Amino acid sequence: MRGAQVRADGTTIRWVELPGTEPTRVYLHGLGASSPAYYAAVATNPALAGRRSLLMDLLGHGISDRPADASYTLEEHADLAATALTAAGARATEVIAHSMGGAVAIVLAARHPHLVSALVLVHATLDPQPPGTGLGTRYTEEQFVHGDGRAETLTRVGAAWAATMRLAGPEALYRTAVHLGRGSTPTIRELLLELPVPRTYLHPADDEPIGARALTDAGVRVVAVPDSGHNIMLDNPDGFVAATAAALSA
């Protein structure tokens with residue numbers, strides 16, 4: 001495990017690092033998840049192994065610190081990840097990012113273009129949530145952090161997701177979910193369409209992303225992975241590895 005201080009108060013983002021050749025690959029997890037737990041098996045698959053790989057936990061998640069005073073906006077997540085990558089000596093990285101992490105990766109590429117050379121987005125969040133949905137409509141932050149909201153959420157999401165979600169700081173989980181639901185300006189989708197780097201969007205075969213044609217027209221490779229749900233790397237590791245390796249060699 002390695003880490004980098006990302007705030008003046010000593011707050012640290014940490015990652016599991018797999019040694020290998022440059023350029024560096026960075027794996028980013030989704031909301032309430034952890035990159036080592038979600039990516040260890042696929043990142044060490046022979047088709048993807050051999051490259052320096054950082055299985056990084058975003059602020060407030062997994063093995064990274066969980067400050068209660070952070071904003072946990074998508075922009076803050078991206079900026080602090082950029083600080084960690086810079087401290088790690090990473091440049092022009094290939095970023096593989098799932099769900100919420102995909103939204104952060106897109107913001108990272110837009111705000112810190114020298115740090116990202118390619119994106120593989122794994123069923124990533126591209127659009128704001130519809131009004132009246134999401135964690136922020138179910139609970140206030142007070143109810144989630146100090147009331148029953150967090151415990152109810154851990155029960156509702158099921159044992160597998162709860163196994164990593166319980167590692168996230170309650171403020172981090174709530175605020176990240178709320179900001180993810182609100183999206184960004186420009187939207188994550190609009191940012192993605194304008195990025196100049198190679199971009200691939202992996203999705204379950206039975207869940208084509210909204211606006212797939214517009215993504216393709218903008219140069220985004222849209223790739224269906226069979227026999228998988230939202231957690232493609234866990235549901236079909238071989239399919240994930242094959243699609244990711246093809247995307248990064250294209």
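The structure presented is a predicted model; accordingly, all values stated were derived computationally and were not measured.
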**Asked** Ignoring hydrogens and geometry, is there a side-chain-to-backbone donor-acceptor pair from R221 to L202 under 3.5 Å?
**Response** no
**Asked** Which pair of non-hydrogen atoms, one from A92 and one from P23, has the smallest distance, and what is that distance?
**Response** O-CB, 3.7 Å
**Prompt:** Mind checking whether Y72 and H179 have ring centres under 6.0 Å apart?
**Reply:** no
**Prompt:** Can you find a heavy atom in the side chain of R66 that is under 4.5 Å from one in the side chain of L59?
**Reply:** no
**Prompt:** Please, which pairs that meet salt bridge (charged side-chain N to carboxylate O under 4.0 Å, His left out) have at least one residue in residues 38-58, sequence neighbours excluded?
**Reply:** E17-R52, E22-R52, R51-E94
**Side-chain donor/acceptor of R199 to backbone N/O of A118, under 3.5 Å** = no
**Message:** Determine whether a donor-acceptor pair (N or O, by modelled atom type, separation under 3.5 Å) exists between the side chain of T155 and the backbone of A151.
**Reply:** yes
**Message:** Nearest 0.5 Å, please: how far is CG in D79 from OG1 in T73?
**Reply:** 7.5 Å
**Request:** Determine whether Y201 and V223 make a side-chain contact, defined as any pair of heavy atoms from C-beta on separated by less than 4.5 Å.
**Result:** no
**Request:** Please check if the side chain of R166 supplies one atom and the backbone of G32 the other of a donor-acceptor pair under 3.5 Å.
**Result:** no
**Message:** As an exercise, state the distance from CG of L115 to OG1 of T86, rounded to the nearest 0.5 Å.
**Reply:** 4.5 Å
**Prompt:** For the residue pair S99 and H230, what are the closest heavy atoms and their distance?
**Reply:** OG-NE2, 2.9 Å
**Item:** Point-to-point distance, once rounded to the nearest 0.5 Å, from NE2 of H77 to CG of L58
**Value:** 6.0 Å
**Prompt:** Between Q143 and Y139, which heavy-atom pair has the shortest distance, and what is it?
**Reply:** OE1-CA, 3.3 Å
**Item:** V122 side chain reached by I96 side chain, heavy atoms, under 4.5 Å
**Value:** yes
**Request:** Before accepting this row, confirm whether a basic side-chain N of the pair R7/D65 lies closer than 4.0 Å to the acidic partner's carboxylate O.
**Result:** no
**Request:** Start with the C-alpha gap between T244 and V42, add the side-chain angles, then the distance that decides, and say whether side-chain contact (heavy atoms from CB on, under 4.5 Å) holds.
**Result:** CA-CA 10 Å; T244 300; V42 292; over 6 Å; no
**Prompt:** Step by step, would you call I63 with M1 a side-chain contact (heavy atoms from CB on, under 4.5 Å)?
**Reply:** CA-CA 9 Å; I63 56 177; M1 181 174 65; 3.5 Å; yes
**Prompt:** Can you check whether L31 reaches T176 side chain to side chain, under 4.5 Å on heavy atoms?
**Reply:** yes
**Prompt:** Closest heavy-atom contact between L121 and A124?
**Reply:** CB-CB, 3.9 Å
**Prompt:** Are any side-chain N or O atoms of R2 and backbone N or O atoms of A88, one a donor and one an acceptor, separated by less than 3.5 Å?
**Reply:** no
**Asked** With a 3.5 Å cut-off and no angle check, do the side chains of Q5 and T12 form a donor-acceptor pair?
**Response** no
**Message:** Show, in sequence, the C-alpha distance, side-chain angles and deciding distance for F240 and L234, and conclude whether the side-chain contact (heavy atoms from CB on, under 4.5 Å) test is met.
**Reply:** CA-CA 8 Å; F240 172 88; L234 302 179; over 6 Å; no
**Fill in**
Of all heavy-atom pairs linking D238 and N45, the shortest is OD1-ND2, 4.3 Å
**Prompt:** Mind checking whether T200 and V220 have side chains closer than 4.5 Å, heavy atoms only?
**Reply:** no
**Prompt:** Is D148 atom CG crowded by more than 12 heavy atoms from other residues, nucleotides or ligands, each under 6.0 Å away?
**Reply:** no
**Prompt:** What about H98 and H123, are their ring centers closer than 6.0 Å?
**Reply:** no
**Asked** Within a strict 4.5 Å, meaning less than it, do heavy atoms of the T93 and S117 side chains meet?
**Response** no
**Prompt:** Near R156 CZ, under 6.0 Å, is it more than 12 heavy atoms from other residues, nucleotides or ligands?
**Reply:** yes
**Item:** side-chain contact (heavy atoms from CB on, under 4.5 Å), paired with L85, selected from T24, V26, L80
**Value:** V26
**Spacing of L135 atom CG and L173 atom CG [to the nearest 0.5 Å]** = 6.5 Å
**Side-chain touch E76/S71, heavy atoms, less than 4.5 angstrom** = yes
**Message:** Working to the nearest 0.5 angstrom, can you tell me the gap between L215 CG and D217 CG?
**Reply:** 9.0 Å
**Request:** Please report the C-alpha distance between L167 and H61 in whole Å, then the side-chain angles of each, then the deciding distance to 0.1 Å, and finally whether the side-chain contact (heavy atoms from CB on, under 4.5 Å) criterion is met.
**Result:** CA-CA 6 Å; L167 302 178; H61 289 72; over 6 Å; no
**Asked** Hey, what do you get for CG (N236) to CG (N231), rounding to the nearest 0.5 Å?
**Response** 12.5 Å
**Message:** Whether the side chain of T44 engages the backbone of A41 through a donor-acceptor N/O pair (distance < 3.5 Å, no angle test) should be reported.
**Reply:** yes
**Prompt:** Nearest heavy-atom pair of A81 and I13: which atoms, and what distance?
**Reply:** N-CD1, 4.1 Å
**Message:** So Y38 and T164, do their side chains get closer than 4.5 Å, heavy atoms only?
**Reply:** yes
